[in-house]
Amino acid sequence: MDWSDSPDQATFRKEVHDFIRERLPGPYRGKLEGGDGESDGETFTVGWQADRKSDDPERRDTAVQWATALAEKGWIAPHWPKEYGGAGLSVMEQFIYNQEMAKAGAPSVGGMGVSLLGPTVIVHGTDEQKEQHLPKILSGEVAWAQGYSEPGAGSDLASLQTRADRDGDDYVINGQKIWTSGAQYADWLFALVRTDPEAPKHRGISFITMDITTPGITVRPLTDMGWNQPFNETFFEDVRVPARNLVGDENRGWYIGMTLLDFERSGISGAVEYQRTLDNLIEFLGSDEGTEVTRQDLDTVRLEIADRRIETEILFNFAFRIVSMQNRGMVPNYEASVNKLFGSELHQRLSRTGNKAFGLYGNLWDREVGPMGAHFVRDYIGSVPHTIFSGSSEIQRNVIATRGLGLPRG
Ligand SMILES: Cc1cc2nc3c(=O)[nH]c(=O)nc-3n(C[C@H](O)[C@H](O)[C@H](O)COP(=O)(O)OP(=O)(O)OC[C@H]3O[C@@H](n4cnc5c(N)ncnc54)[C@H](O)[C@@H]3O)c2cc1C
């Protein structure tokens with residue numbers, strides 16, 4: 001197998017590489033300049049969506065500058081078709097684009113608007129919905145949040161209870177969503193709601209969009225173990241949403257919300273990030289500063305690092321497998337589950353190994369005093385939900401068992 005770029009691919013890689021070096025704003029350049037991306041201060045670690053709504057004008061400017069630079073190239077939505085304002089990149093070009101962005105630690109722009117809502121509207125939306133939403137996603141002007149999960153409906157999402165009752169030209173929405181990532185920084189929300197409580201559970205659900213400032217919506221941030229607020233509880237109390245905001249037909253929302261529309265499913269960004277994290281760890285352990293604070297004399301740590309090196313290469317090759325399938329027009333299925341399962345569990349093992357290398361110093365949470373800016377202890381906490389969101393490890397194993405191995409359902 002030939003892993004090297006073709007001449008055209010090499011030219012495109014250079015274009016992306018040079019663009020990042022030229023246009024990535026200073027505060028986002030931590031990883032580019034050899035750091036772990038957090039060297040510019042905590043304020044820049046929570047992502048573009050939070051930066052654009054920050055109270056700090058420098059953060060806001062940084063987010064706008066980066067969105068503008070990407071929008072000029074048409075690279076906010078690299079995988080969308082050109083006719084809808086995307087870059088229409090081929091599968092291999094997307095792979096290269098994502099690989100270079102991940103190497104530089106450049107934040108992606110557009111979040112769920114680009115990955116989920118936009119492609120859903122492109123396939124299922126009306127012309128009016130396309131005109132209303134797509135340009136604002138492509139300019140970085142509007143950010144979206146996803147309201148699927150509820151306190152009683154996560155893996156078993158079809159049990160969702162949030163009601164939308166038709167009243168004239170509106171739906172009136174009542175209920176609660178939870179774990180709504182970034183909703184406190186979002187402008188619009190897309191949600192799955194129950195429009196027919198009498199129908200079998202998958203058939204009474206609709207897909208609807210709403211301005212997040214609509215009266216009756218309350219977004220309440222939830223604090224995680226790392227003292228961050230990545231997600232929220234979102235409450236709906238008699239929220240009136242125009243019926244024209246329904247995407248697709250009433251009661252067909254399950255099938256609309258579940259369509260696998262995010263074509264970039266290779267997971268290459270994670271693979272590149274973990275490779276770089278491991279490189280940084282190895283370099284630090286060999287440095288004078290590293291020798292002072294680590295337990296690198298311990299064989300267990302050395303052996304673990306060797307295991308992590310092998311595993312990051314495996315993850316990279318899983319990602320490559322998906323890309324080469326897509327390149328041949330195939331649709332990855334259980335292969336994406338293998339990737340998610342292996343990648344999320346590797347993330348947790350990697351952060352544990354890094355932490356272990358520092359012995360008791362590994363407990364220091366403060367970036368000023370913790371080794372490597374306290375990266376590994378923070379990542380140790382931050383990696384915990386990785387095996388839960390986007391389908392838990394158990395759900396991925398079910399998919400691999402039934403669709404991959406052909407085992408009967410339990
Ligand atoms: C950081 C983070 C961000 C998130 N962001 C969003 C978001 O933006 N929008 C949104 O809508 N949701 C979001 N979620 C919610 C996420 O989709 C759910 O947490 C996930 O689907 C699991 O659902 P649950 O939490 O209700 O757990 P449950 O489904 O109750 O699962 C509990 C446990 O039971 C296991 N389990 C459940 N069913 C089975 C089964 N059939 N077989 C074997 N084991 C099973 C699970 O693996 C898990 O270990 C986010 C979650 C996290 C952690």
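None of the values given here were measured: they were computed from a predicted structure. Read the numbers this way: they start at 1 and go in the same order the structure lists the ligands and their atoms.
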Item checked: Residue of the set S108, P107, P27 for which side-chain contact (heavy atoms from CB on, under 4.5 Å) holds with W66 ->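 Exactly one candidate clears the test, P107.
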Next item on the list: Give the ring-plane orientation class for F207 versus F190, where under 30° counts as parallel, over 60° as perpendicular and anything between as tilted.
Entry: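 The rings of F207 and F190 lie parallel, inter-plane angle below 30°.
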Does an N or O anywhere in [X] fall below 3.5 Å from an N or O of ligand 1?
| X | result |
| --- | --- |
| T180 | no |
| E150 | no |
| S155 | yes |
| Y148 | yes |

Show the atoms of ligand 1 that are less than 4.0 angstrom away from any heavy atom in [X].
| X | result |
| --- | --- |
| P385 | 1 (C), 53 (C) |
| I395 | 38 (N), 39 (C), 40 (C), 41 (N) |
| I388 | 19 (O), 20 (C) |

Checklist line | NZ or CZ of R321 within 45° of F318 ring axis and under 6.0 Å | finding: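 No, cation not above the ring by the 6.0 Å, 45° rule.
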Notebook entry, point to check: Do R203 and W254 meet the cation-pi criteria used here (NZ or CZ under 6.0 Å from the six-membered ring centre, within 45° of the axis)?
Noted result: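 So R203 doesn't make the cation-pi contact.
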Checklist line | Heavy atom of K177, distance to ligand 1 below 4.0 Å | finding: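 It does not; every heavy atom stays at 4.0 Å or beyond.
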